[in-house]
Amino acid sequence: MGNTDPLLALRHRASDLMVDIVDYRGRPAHRSTSGGWTSALFIIGVEIAERFAFYGISSNLISFLTGPLGESTAMAAAALNAWNGVASMLPLLGAFVADSYLGRYRTIVIASLIYILVRACVLLPLFFGLGTLTLSSMLRIFHPAKCGTACPPPPLQVALFYVSLYLVAIAQGGHKPCVQAFGADQFDRNDPRDRVARSSFFNWWYFGICCGVVVTVLVLSYVQDNIGWGLGFGIPCIVMLFALVLFVLGTRTYRFCLLPEESPFARIGRTLVALARRRRGNLPVTELQSDIERVEETKGLLRLIPIWTTCLIYAVVFAQSSTLFTKQGGTLDRRIGSKLQVPPAALQSFISVSIIVSIPIYDGILVPVARKFSGLPSGITMLQRIGTGMALTLVSTVIAALVEMKRHKSAREFGVVDQPNARIPMSLWWLVPQYVLFGVADVFTMVGLQEFFYDQVPDALRSLGLALYLSIFGIGSFISGFLISVINKTTGGGGESWFSNNLNRAHLDYFYWLLAGLSTMELLLYVYFTRAYVYKKKQEDAAVM
């Protein structure tokens, strides 16, 4: 007969209950019937669609700005960097709302609805004159007759497009920090098996994102360049709608973290004020000692600042893949066979493909091998992983500078220096190494940053942790835009600037060498600061670089 001891069954049921975790009805969640990979796959699905929607705009936006909108290369790059910067900083606001008031699930649903509505709004200016020649030819009434579709778009339509664009950034601000945190919440950090699974989750999360990005840059860039911008921007709206339905269907399987009674932001804010008063001698020591946990979690956040700061130049280099790399590729021979011509934005797919290939190798081979030597479940520490990717990015930047020098040489040899629209007889395959190495670096640094900022912040602030990770790329985009604007103004006074509209007269190679130098200094500072870092609550993992 089977064991029917009611006391044993009761103990098993009690041990299966999770602390401070509830199901969709608000009841204590059971570890065996909630969360895990089943829930995570629903959440990864909605993130793939969100990235498809976001990159449906951002991946080819440089071509849209310099094409139908008629902006210069420097102006378009600066505008794109500014938008990416805002889009990456707004998650700080989204994290505040989620961690203090709405919770991650409700914030995701609301942000997804805004995303869908705003994406529909983005189509309005396109169908009123900002589209490709196909749309514009049907709407010649919106262009002065004397110049037809060659005229620049009216200012009102440009303004409407930019308003819609920044509303997309607002929607992403609520969506981006919560989805990944909500996905990682489906794994119990107190369970050894779940801890290992959560580390793999960050790898496969990024794998799924890159699959979506590959489809985006290959399919949508072709649609936008050859069929129409309206359709190219409309498809992601439909995909996002289906993704929201998929996410809601998984509601019964999710684990939900309880919101704290007191806003964690308010608690940490008061602690920072108290620490400042203590430093000036205006606060008794006993007042701070009354809440040691609050002080320690605040100090833990402050310890992240040096790591955050020393990753900014990596983010500046990252910004070039969707701006200057794309413009660089647009000047080359992009033909495959006799008929197919690869759109410039589609070259970014090499980054995603290299990530898709590298992540299974990293998770299935490198981690188990490294685990045997280090004894760590993740194989190497999070900071070691981030630093490895930063070193690979430095090498990628050097390669980009060398390829750009080769491109200049080819333009001179074939006499097309003063023909900015001519295709240089140099194959697109010359750009592949810098893209591929960029993707391999992302497997280390990007995924490492996600796991690090999720894991090392206080438990109640995990959305904020991922928002801090995203803010690295926001500030990095602002720095990139600032550098491009200053250098363009400084070098353009006496002739062609580094970012001339005629890339054959420009000097992108100089800019890449500058970034390589900055990346070298950043990597040295990063190594210095990581040697003193101690991981939160995991003394056994406190290995340093």
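In this structure Asp509 satisfies the salt bridge (Lys or Arg N to Asp or Glu O under 4.0 Å) test with no other residue, sequence neighbours excluded. Not counting sequence neighbours, the partners of Arg51 by the salt bridge (Lys or Arg N to Asp or Glu O under 4.0 Å) test are Glu47. In this structure, the salt bridge (Lys or Arg N to Asp or Glu O under 4.0 Å) partners of Asp188, at least two apart in sequence or on a different chain, are Arg31. The salt bridge (Lys or Arg N to Asp or Glu O under 4.0 Å) test applied to Asp442 returns no partner, not counting sequence neighbours.
With hydrogens and angles disregarded, a donor-acceptor distance shorter than 3.5 Å links the side chain of His408 to the backbone of Ala506. Judged by distance alone, with hydrogens and angles left aside, the side-chain atoms of Gln434 form no donor-acceptor pair with the main-chain N or O of Ser396 at under 3.5 Å. Between the side chain of Thr310 and the main chain of Ile307, a donor-acceptor pair closer than 3.5 Å is present. Put simply, the side chain of Gln172 gets close to the backbone of Ala87: a donor and an acceptor are under 3.5 Å apart. The closest donor-acceptor contact from the side chain of Ser354 to the backbone of Val436 lies under 3.5 Å. Listed for the Ser471 side chain is no donor-acceptor partner under 3.5 Å among the backbone atoms of Gly474. A donor-acceptor distance shorter than 3.5 angstrom exists from the side chain of Arg106 to the backbone of Leu102, with no hydrogens or angles considered. Within the 3.5 Å criterion, the main-chain N or O of Ser34 finds no donor-acceptor partner in the side chain of Thr38. The backbone N or O of Met390 lies less than 3.5 Å from a partner atom in the side chain of Thr445, making a donor-acceptor pair. Distance alone, capped at 3.5 Å, places no donor-acceptor pair between the Ser480 side chain and the Gly476 backbone.
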**Prompt:** Yes or no on side chain to side chain contact (heavy atoms under 4.5 Å, CB included) for Tyr454 and Gln180, after CA distance, side-chain angles and deciding distance?
**Reply:** CA-CA 9 Å; Tyr454 175 87; Gln180 191 171 12; over 6 Å; no
**Request:** Evaluate side-chain hydrogen bond (donor to acceptor under 3.5 Å, both in side chains) for Ser519 paired with Glu522, printing each intermediate quantity in order.
**Result:** CA-CA 5 Å; Ser519 296; Glu522 174 195 53; 4.8 Å; no
**Request:** Determine, step by step, whether Phe478 and Phe473 satisfy the side chain to side chain contact (heavy atoms under 4.5 Å, CB included) criterion, reporting the C-alpha distance in whole Å, the side-chain angles of both residues, the deciding distance to 0.1 Å, and the verdict.
**Result:** CA-CA 9 Å; Phe478 287 135; Phe473 298 92; over 6 Å; no
**Request:** Check the pair His175 / Ile108 against side chain to side chain contact (heavy atoms under 4.5 Å, CB included), numbers first and verdict last.
**Result:** CA-CA 5 Å; His175 194 280; Ile108 293 167; 4.2 Å; yes
**Item:** Residues Glu50, Val179; criterion side chain to side chain contact (heavy atoms under 4.5 Å, CB included); working and verdict
**Value:** CA-CA 10 Å; Glu50 190 274 338; Val179 176; over 6 Å; no
**Message:** Under the criterion ring pair (Phe, Tyr, Trp, His ring centres under 6.0 Å), I'd like the reasoning laid out for Tyr469 against Phe452: C-alpha separation, chi angles, the key distance, then a yes or no.
**Reply:** CA-CA 9 Å; Tyr469 140 72; Phe452 178 78; over 10 Å; no
**Request:** Start with the C-alpha gap between Arg385 and Asp363, add the side-chain angles, then the distance that decides, and say whether salt bridge (charged side-chain N to carboxylate O under 4.0 Å, His left out) holds.
**Result:** CA-CA 12 Å; Arg385 181 174 187 173; Asp363 200 60; over 6 Å; no
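For Trp498, the CH2 atom is densely surrounded, since the number of other residues' heavy atoms within 6.0 Å is greater than 12. Surrounding CZ of Phe482 are at most 12 heavy atoms belonging to other residues, nucleotides or ligands under 6.0 Å away.
Side-chain atoms of Phe207 and Pro360, non-hydrogen and from C-beta on, do get closer than 4.5 Å to each other. Under the 4.5 Å side-chain criterion, counting only non-hydrogen atoms from C-beta, Gln320 is in contact with Leu515. By the 4.5 Å heavy-atom criterion applied to side chains, Thr397 and Phe438 are not counted as neighbours. Counting only heavy atoms from C-beta outward, the side chains of Met521 and Leu518 approach each other to under 4.5 Å. Between Leu167 and Ile170 the shortest side-chain heavy-atom distance falls below 4.5 Å. No side-chain heavy atom of Tyr314 sits less than 4.5 Å from a side-chain heavy atom of Tyr526. The side-chain heavy atoms of Cys311 and Leu449, taken from C-beta on, include a pair separated by under 4.5 Å. Side-chain contact check for Phe182 versus Leu466: every heavy-atom pair is 4.5 Å or farther apart.
With 3.5 Å as the limit, one finds a donor-acceptor pair spanning the side chains of Thr253 and Ser39.
A distance of 9.5 Å separates OH in Tyr435 from CG in Leu428, rounded to the nearest 0.5 Å.
Among residue pairs with one or both ends in residues 353-389, those qualifying as ring-ring contact (aromatic ring centres under 6.0 Å, His included) are Tyr362-Phe444; sequence neighbours excluded. Among residue pairs with one or both ends in residues 391-405, those qualifying as salt bridge (Lys or Arg N to Asp or Glu O under 4.0 Å) are Glu404-Arg407; sequence neighbours excluded.
Aromatic ring orientation, Tyr105 versus Phe256: perpendicular (interplanar angle above 60°, classes split at 30° and 60°). Under the 30°/60° scheme for interplanar angles, the aromatic rings of Phe201 and Trp37 are found to be tilted.
Within the 6.0 Å centre-distance limit, the rings of Tyr254 and Phe247 are counted as a close aromatic pair. Aromatic rings of Tyr535 and Tyr533 (six-membered ring for Trp) have centroids within the 6.0 Å cut-off, being under it.
Heavy atoms only, all atoms of each residue included: Ser358 and Val440 are closest at OG-CG2, 3.6 Å. Contact between Ala98 and Cys178 at its shortest, heavy atoms only, is CB-SG, 3.4 Å. The two residues Ala315 and Ile472 make their nearest non-hydrogen contact at CB-O, 3.3 Å.
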